[in-house]
Amino acid sequence: MTFKERFGISFPALFAVVLGVFMAILDTTVVNVAIPKMMAVFNATQDDMQWVITAYLLVTGMLTPVSGYLGDRFGQKKIYLFALAVFTLGSALCGMAWSTESLIFFRVLQAVGGAMLMPVSMTILFSLSKPERRGTIMGIWGIALMFAPALGPTLSGYLVEYVDFRLIFYINVPIGIFSFFLVGATIPDFPARHTETLDLPGLLTSVSGFFCLLYALSEGPTDGWNSITIISLFFAAAVLLAMWVVIELTSENPMLDLRLFKRKVFTVSILTTSLLSVAMLGALFILPVFLQNGLGLTPLQTGLLTLPGALVTGILMPISGFLFDRIGARLLGVIGLLVLMLTTFQMVNMNYDWTFGAILMIYMFRQAGMGLAMMPLSTAGLNDVPRDKVSRATALQNTTRNIAGSIGTAFLSTVMQTNTTVHLAQLLQRTTVQAFQGFHVAGQLPTVFGPASRQVVSTWMSVIEQIAFEKGTQDAFGASAVIALIAWVAVFFIGKKRPPVGIQEGEQPHMMMME
């Protein structure tokens, strides 16, 4: 039996789609490590260069909702090829950027393609694979989702440190071109639905609402959550998104079909995978900051520490998909989220005495839990959706996941920064003249009137700041552990294994493409 006869989709087609998605997801984290280098090359401030990341996230969050409509209207294959071409062109232009402004502009172009690659690829694979083999196929697709973000810092650290930072963009060009022609040759055409009209009011309110929300979340830690700008953006986002919800619930052809939330399994699936995204992206932000700013590791060392966890996730993704096809999502979700929750609670105790090997092992087990749970829960939700709604379901699933990841990262970043400041203030309040007694630098003891030199004060402050930073990091991991606990409780409501909705309604076991 050939691969296509067994799974409904040829291996070259599967490889082509996964390769394109892997490239796009990799680019969300590969840039972070290169920021200091690009600041030096372009003579830019950190605030200016931060827009290289923020602009990409904003555009991705804004355009993901419309991917479902575009795929239905013009055909999934055509939109995937268009997105792949735009992303590859944007990558090439980013590599040729001559200033901060040009780099930000080209990152926006890159994000236009990247926003559509993930949801459209899910629709293609879900439509072409046999319903009874969807778990395995989506598990293989999930390698890109989980492995790419963790590989990004390692690859970027090596290229920035030993070669040239521009290669983090140029490396996408040959991969994108190869994937483009392979998709064109192996993926069948999807018929377009010419009867649907664009939900223009839904598009305008969602794009503007998500822009205000994501911009506020991105700039909140910098500007301050109490600033008038951030408060105004949150208020505008609340009004616009409330209008968007009303429009989507009353429209005959909504851009994002919010009525899908009436389906229990789909809703639980989105809730748990969104919380998983918060836990994953939060750790990808908190841990590197602690490793580099706290333990003094280089970007490459930080990437190498997270790489084994990424490998474990990549191995478990197809295995969990294979098991999903046989036992369903609930048991895998319960076990995976339990491992994730316990290891995250263990990371609450992380301190400067932890060794490289200890952190590596804890992170590996944490990622193992992630790899065991993510794709079975995601696939179970899509199996609960009628086949003519799959493209809208993937768009809704990815939009929710992106928003949750952005909110979670901002929330955990705020917890870490705010609590570090609080702990620093508390430690300073307890610092008295008597606390300096016995403290010495180079054999010099403080006098009864206070420290004898500025060096003593400077060293003492450095120690206190390190302690406060350690406690703030532990608090952030504590918040992440609570999020994992909520996800673990929610997964019990996913229900037992059952056939996909299409099978229940008399659909043929294998559908080659969306009608």
Side-chain angles (χ1 to χ4, degrees), residues 54-74 79 108 111-112 114-116 118-120 123 193 195-220 223-264 266-271 273-275 277-278 381 385-386 388-411 414:
T54 303
Y56 189 92
L57 294 176
L58 285 174
V59 175
T60 301
M62 289 161 52
L63 294 185
T64 298
V66 78
S67 62
Y69 165 79
L70 293 175
D72 288 343
R73 179 67 178 81
F74 299 102
I79 294 301
V108 169
V112 171
M116 292 180 282
M118 185 183 294
V120 175
T123 302
R193 299 177 181 177
T195 57
E196 291 192 2
T197 58
L198 177 63
D199 177 19
L200 187 59
L203 174 63
L204 294 177
T205 51
S206 67
V207 167
S208 54
F210 285 128
F211 173 83
C212 292
L213 177 61
L214 292 173
Y215 184 83
L217 291 171
S218 300
E219 297 300 306
D223 293 351
W225 297 106
N226 295 326
S227 71
I228 187 64
T229 302
I230 300 302
I231 293 175
S232 299
L233 285 169
F234 276 128
F235 178 77
V239 173
L240 289 167
L241 292 178
M243 293 172 58
W244 169 68
V245 169
V246 173
I247 292 171
E248 297 305 275
L249 290 177
T250 56
S251 173
E252 293 184 4
N253 295 307
M255 184 178 59
L256 281 182
D257 193 353
L258 301 184
R259 300 180 188 90
L260 291 173
F261 282 122
K262 294 180 180 179
R263 311 191 73 91
K264 174 190 171 183
F266 179 74
T267 301
V268 174
S269 167
I270 282 190
L271 174 62
T273 54
S274 295
L275 292 173
S277 295
V278 172
V385 175
D388 62 329
K389 299 289 186 181
V390 167
S391 63
R392 302 305 176 94
T394 57
L396 182 57
Q397 191 178 76
N398 280 277
T399 299
T400 307
R401 186 183 297 151
N402 287 340
I403 298 300
S406 299
I407 293 174
T409 302
F411 169 70
T414 301

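This chain uses plain numbering: 1 for the first residue, then up along the sequence.
Evaluation of the ring-ring contact (aromatic ring centres under 6.0 Å, His included) rule for F234 yields no partner, not counting sequence neighbours. With sequence neighbours left out, S206 forms a side-chain contact (heavy atoms from CB on, under 4.5 Å) with F210, W244, M255.
Inter-residue side-chain proximity for Q397 and S269 is flagged as met; some heavy-atom pair is nearer than 4.5 Å. L213 is not listed as a side-chain neighbour of L233, based on a closest heavy-atom distance of 4.5 Å or more.
Here the closest heavy-atom approach between residue L70 and residue I79 is recorded as O-CG1, 3.3 Å. Minimum heavy-atom separation, G202 to I247: N-CG2, 3.9 Å. Minimum interatomic distance between F266 and G381 (heavy atoms only, all atoms of both residues): CD1-O, 3.4 Å. For the residue pair I230 and S227, the shortest heavy atom distance occurs at CG1-OG, 3.1 Å. Contact detail for S208 and T205: the closest heavy-atom pair is OG-O, 3.3 Å.
Annotation: the span from L258 atom CG to L249 atom CG amounts to 5.0 Å, rounded to 0.5 Å. Atom CG in L396 sits 10.0 Å away from atom CD in E248 (nearest 0.5 Å).
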### V207/L203 under side-chain contact (heavy atoms from CB on, under 4.5 Å): CA gap, chis, key distance, verdict
CA-CA 6 Å; V207 167; L203 174 63; 3.7 Å; yes
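Judged by distance alone, the side chain of T267 and the main-chain N or O of F261 form a donor-acceptor pair under 3.5 Å.
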